[in-house]
Amino acid sequence: MIVCVCNNISDREIRQAVDLGLTSMSDLYKELGVGTCCGKCVSYARQVMNEHLESTTTVTELRRTPHSLST
């Protein structure tokens, strides 16, 4: 679905940009041009970005806990 009509930016492109490390509207503005013309897309672009950020949470550390041994 096209999110930014002025620059022909789709929700898929926004999700791909998030996968590549973009994490803010400022990033989307600079790298994709989202919201640079009329600005009507900004709220939906933010929603798409935030939903994808939330769905792609990554584990950065695993902590192993020792098993309790019963004697």
Side-chain angles (χ1 to χ4, degrees):
M1 167 194 253
I2 298 298
V3 175
C4 178
V5 175
C6 297
N7 292 309
N8 196 33
I9 306 297
S10 69
D11 58 334
R12 181 174 178 229
E13 290 174 283
I14 292 171
R15 287 191 298 273
Q16 287 173 339
V18 169
D19 290 341
L20 293 173
L22 278 63
T23 59
S24 70
M25 284 306 297
S26 178
D27 291 342
L28 292 180
Y29 179 87
K30 290 176 197 169
E31 299 298 323
L32 297 179
V34 172
T36 58
C37 291
C38 74
K40 292 180 181 180
C41 63
V42 172
S43 63
Y44 187 57
R46 181 178 289 114
Q47 179 183 340
V48 170
M49 179 189 65
N50 288 335
E51 286 175 0
H52 194 62
L53 282 169
E54 289 172 10
S55 73
T56 58
T57 303
T58 57
V59 175
T60 58
E61 180 180 329
L62 294 176
R63 185 174 297 182
R64 183 173 267 222
T65 57
H67 294 310
S68 299
L69 297 175
S70 299
T71 52

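None of the values given here were measured: they were computed from a predicted structure.
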So CG of Leu22 and OG of Ser26: to nearest 0.5 Å the spacing works out to 9.0 Å

Heavy-atom nearest pair, Ala17 first then Leu32, reads CB-CD1, 4.0 Å

- Query: Any chain of hydrophobic side-chain contacts (each under 4.5 Å) joining Val34 to Leu20?
  - Reply: no

Note: Ser10 and Glu13 closest approach over all heavy atoms is N-OE1, 2.8 Å

What donor-acceptor contacts under 3.5 angstrom involve side-chain atoms of residues 41-51, with partners at least two apart or in another chain?
residue: Gln47; atom: NE2; partner: Glu51; partner atom: OE2; Å: 3.1
residue: Asn50; atom: ND2; partner: Arg46; partner atom: O; Å: 3.3

Hydrophobic clustering (ILVMFWY, side-chain heavy atoms < 4.5 Å, transitive) - are Leu53 and Val3 grouped together? yes

> Under a 4.0 Å N-O cut-off, is there an ion pair linking Arg15 with Asp11?
Replying inline: yes

In this structure, CD1 of Ile9 is separated from OG1 of Thr36 (nearest 0.5 Å) by 8.5 Å

Is any side-chain heavy atom of Val18 closer than 4.5 Å to a side-chain heavy atom of Thr23?
no

Quiz item: Can any side-chain N or O of Asn7 pair as donor or acceptor with the backbone N or O of Gly33 at less than 3.5 Å?
Solution: yes

Distance col, row His52:NE2 vs Ile14:CD1, nearest 0.5 angstrom, shows 11.0 Å

